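This is a predicted model, so every value here is computed, not measured.
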Amino acid sequence: MNPTTLMIRKLPLPYTLEDVYIELSLLFTEFDFLYLPWDMKKEQNCGYAFVNLTNASLVPAFIAILENHSFGGGNVTCNVGLANVQGVEANLQCLLRRVASGAVKKDPDFILNGRKANLSMVRAVVASRR
């Protein structure tokens, strides 16, 4: 399987999921999953996000556009690399495991197919298919 999920590092810490989604959408639209880990204690993001592209052939173009982009017009530029977990389904399964282990907040938000979602919604869809 060719990689489609990337990790964007050095995001502005005050950015919310919506902030990243809006700015990312202005630069590149061919993605179907976006997750911005959130630090509940510090009440800010963790400085990185995961994005899944709709096609592996888009990875070089995405990296070229995003590499050294400065979110929010600041002085810090981001870098982009392949994520360890690949694909939307694998990322959702990873989030489910991390929630179950207590490693992440109870029901993290993410963008799925252009809409804000959470794991409760994913669980409901999976249950309805059984």
Side-chain angles (χ1 to χ4, degrees):
M1 178 167 113
N2 292 325
T4 56
T5 306
L6 301 163
M7 182 179 192
I8 305 169
R9 294 179 183 85
K10 297 186 183 177
L11 293 172
L13 298 177
Y15 261 43
T16 64
L17 177 64
E18 291 80 7
D19 294 331
V20 175
Y21 176 71
I22 290 168
E23 189 159 343
L24 189 58
S25 295
L26 293 173
L27 299 168
F28 203 89
T29 59
E30 300 298 317
F31 62 95
D32 54 9
F33 174 81
L34 175 64
Y35 172 57
L36 179 69
W38 195 258
D39 185 325
M40 297 300 288
K41 290 179 185 172
K42 295 181 182 178
E43 297 183 2
Q44 63 188 22
N45 76 62
C46 295
Y48 57 91
F50 299 96
V51 62
N52 188 74
L53 306 184
T54 57
N55 189 306
S57 66
L58 301 170
V59 169
F62 182 88
I63 291 173
I65 291 168
L66 265 287
E67 188 71 26
N68 298 317
H69 172 73
S70 176
F71 275 79
N75 295 329
V76 178
T77 57
C78 66
N79 21 19
V80 182
L82 296 179
N84 291 332
V85 178
Q86 289 294 314
V88 174
E89 188 172 326
N91 273 280
L92 293 174
Q93 290 296 328
C94 182
L95 279 175
L96 284 167
R97 284 191 304 276
R98 292 180 54 81
V99 167
S101 73
V104 297
K105 77 176 192 171
K106 184 178 178 184
D107 201 4
D109 293 329
F110 49 90
I111 303 291
L112 184 62
N113 296 320
R115 295 184 179 208
K116 190 172 180 179
N118 57 45
L119 292 176
S120 295
M121 299 164 99
V122 171
R123 286 185 196 104
V125 169
V126 169
S128 71
R129 291 181 179 170
R130 290 183 182 164

Show your reasoning for whether side chain to side chain contact (heavy atoms under 4.5 Å, CB included) applies to L6 and L82.
CA-CA 4 Å; L6 301 163; L82 296 179; 3.4 Å; yes

Going from [atom1] on [X] to [atom2] on [Y], what distance comes out if it is rounded to the nearest 0.5 angstrom?
{"X": "K10", "Y": "T77", "atom1": "NZ", "atom2": "OG1", "answer": "6.0 Å"}
{"X": "L13", "Y": "W38", "atom1": "CG", "atom2": "CH2", "answer": "9.0 Å"}
{"X": "N84", "Y": "F50", "atom1": "CG", "atom2": "CZ", "answer": "7.5 Å"}

Distance-minimising heavy-atom pair for Y48 and R9:
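Closest heavy-atom pair between Y48 and R9: CB-CA, 4.2 Å.
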
I'd like to know whether the aromatic ring centres of F33 and F110 sit less than 6.0 Å apart in this structure.
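Yes, they do, as the ring centres are separated by less than 6.0 Å.
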
Side-chain heavy atoms of [X] within contact of [Y], under 4.5 Å:
{"X": "S70", "Y": "N75", "result": "no"}
{"X": "L34", "Y": "L17", "result": "yes"}
{"X": "M7", "Y": "V80", "result": "no"}
{"X": "P37", "Y": "N45", "result": "no"}

Is atom CD of E18 surrounded by more than 12 heavy atoms (other residues, nucleotides or ligands) closer than 6.0 Å?
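Yes, because the 6.0 Å sphere around CD of E18 holds more than 12 heavy atoms from other groups.
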
I'd like to know if the side chain of Y15 pairs up with that of Q44 as donor and acceptor (distance under 3.5 Å, no hydrogens or angles considered).
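Y15 vs Q44: no donor-acceptor pair found between side chains.
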
Assess the side chains of D32 and N52: does a donor N or O sit below 3.5 Å from an acceptor N or O?
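Yes, side-chain donor-acceptor contact under 3.5 Å.
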
Apply side chain to side chain contact (heavy atoms under 4.5 Å, CB included) to residues F31 and T5 and explain how you reach the verdict.
CA-CA 9 Å; F31 62 95; T5 306; over 6 Å; no

With E30, the side-chain contact (heavy atoms from CB on, under 4.5 Å) member among N55, T54, L53:
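For E30, the side-chain contact (heavy atoms from CB on, under 4.5 Å) check succeeds only for T54.
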
